[in-house]
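First comes the structure, then the notes that go with it.
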Amino acid sequence: MQYALLIVGRNEPYAALSPEQRKQMYADHAAFGEKHGSVLRGGAELAYSPVKTVRPDGDERTVTDGPFAETAEGIGGWYLVEADDIDTATEYAKQIPMLPADHIEVRKVVTDQDR
């Protein structure tokens, strides 16, 4: 089974990192990738802005800025891992480098077998 590990946080703490701290964060992510390369199926860092959201509106689509007006958090990156169950995927998520205010969402990827 595959699980998406979504890194959720605010942009301000990342923007406040010194160049040395930022370099270390990238090195920590590279180390995570090397350690778990056998189960990683994908992943990427995501930009915090600009973000657009598209929602259905009858036969049309409405486009707004940002994911939600009431939240300052966003998905800063993600990993796709192969794991036997959500508990194993969660163990991988616990090892992802993140800042103190961040959190990781662990979500099962739906496959044809699940339908």
Side-chain angles (χ1 to χ4, degrees):
M1 291 179 273
Q2 291 187 338
Y3 291 85
L5 310 179
L6 308 175
I7 304 167
V8 182
R10 298 175 61 99
N11 187 47
E12 294 83 6
Y14 283 95
L17 292 176
S18 70
E20 295 80 21
Q21 291 170 315
R22 188 171 289 110
K23 184 176 179 179
Q24 184 61 54
M25 179 67 81
Y26 284 118
D28 292 346
H29 277 280
F32 174 83
E34 289 174 19
K35 179 177 180 180
H36 298 294
S38 64
V39 298
L40 287 177
R41 299 298 178 259
E45 180 179 8
L46 301 174
Y48 277 93
S49 95
V51 177
K52 299 283 186 181
T53 299
V54 179
R55 290 187 172 89
D57 186 9
D59 293 336
E60 302 295 321
R61 299 290 187 257
T62 300
V63 179
T64 57
D65 290 333
F68 306 102
E70 62 273 0
T71 184
E73 292 182 332
I75 300 172
W78 58 277
Y79 287 100
L80 182 64
V81 298
E82 192 78 33
D84 291 334
D85 53 46
I86 195 167
D87 293 329
T88 302
T90 301
E91 287 303 313
Y92 294 132
K94 288 165 56 175
Q95 298 174 51
I96 293 174
M98 60 180 146
L99 295 180
D102 292 349
H103 64 275
I104 308 290
E105 291 183 13
V106 180
R107 296 179 179 224
K108 185 178 182 303
V109 175
V110 176
T111 65
D112 288 339
Q113 294 174 332
D114 299 319
R115 295 186 176 114

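Owing to the predicted nature of the structure, the values given are computational and were not obtained by experimental measurement.
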Can you confirm whether K108 is buried at NZ, in the sense that more than 12 heavy atoms of other residues, nucleotides or ligands lie under 6.0 Å from that atom?
yes
What closest approach, in Å, do D84 and T88 show between heavy atoms, and which atom pair accounts for it?
N-CB, 4.5 Å
Can you establish whether the number of heavy atoms outside D114 located under 6.0 Å from its atom CG is more than 12?
yes
Any donor and acceptor pair, going by atom type alone, linking the side chain of E60 with main-chain N or O of D57 inside 3.5 Å?
no
Please walk me through it: do T90 and D87 pass side chain to side chain donor-acceptor pair (under 3.5 Å)?
CA-CA 5 Å; T90 301; D87 293 329; 5.2 Å; no
The reported gap from NZ in K94 to CG in L5 (rounded to nearest 0.5 angstrom) is 13.0 Å
Just do the side chain to side chain contact (heavy atoms under 4.5 Å, CB included) check on K52 and D65 with the steps written out, would you?
CA-CA 5 Å; K52 299 283 186 181; D65 290 333; 2.5 Å; yes
Pairs of donor and acceptor atoms involving the side chains of residues 76-83, under 3.5 Å and at least two apart or interchain, shall be tabulated with distances.
unit_1: Y79; atom_1: OH; unit_2: H29; atom_2: ND1; d: 2.7
unit_1: E82; atom_1: OE1; unit_2: Q2; atom_2: NE2; d: 3.3
unit_1: E82; atom_1: OE2; unit_2: M1; atom_2: N; d: 3.2

Could you give the distance from CZ (R107) to CD1 (I86), rounded to the nearest 0.5 Å?
10.0 Å
Gap between atom CZ of R41 and atom OH of Y3 - 0.5 Å precision
13.5 Å
Between CD1 on residue I96 and CG on residue D102, distance to nearest 0.5 Å
10.5 Å
Got a second to check how far L46's CG is from I75's CD1, nearest 0.5 Å?
7.0 Å
Could you see if L99 belongs to whatever hydrophobic cluster contains I104? Use Ile, Leu, Val, Met, Phe, Trp, Tyr and a side-chain cutoff under 4.5 Å.
yes
Give the minimum heavy-atom separation between M25 and P97, together with the two atoms involved.
SD-CB, 3.8 Å
Once ring-ring contact (aromatic ring centres under 6.0 Å, His included) is applied, what residue pairs with a partner in residues 82-109 remain, sequence neighbours excluded?
H36-Y92
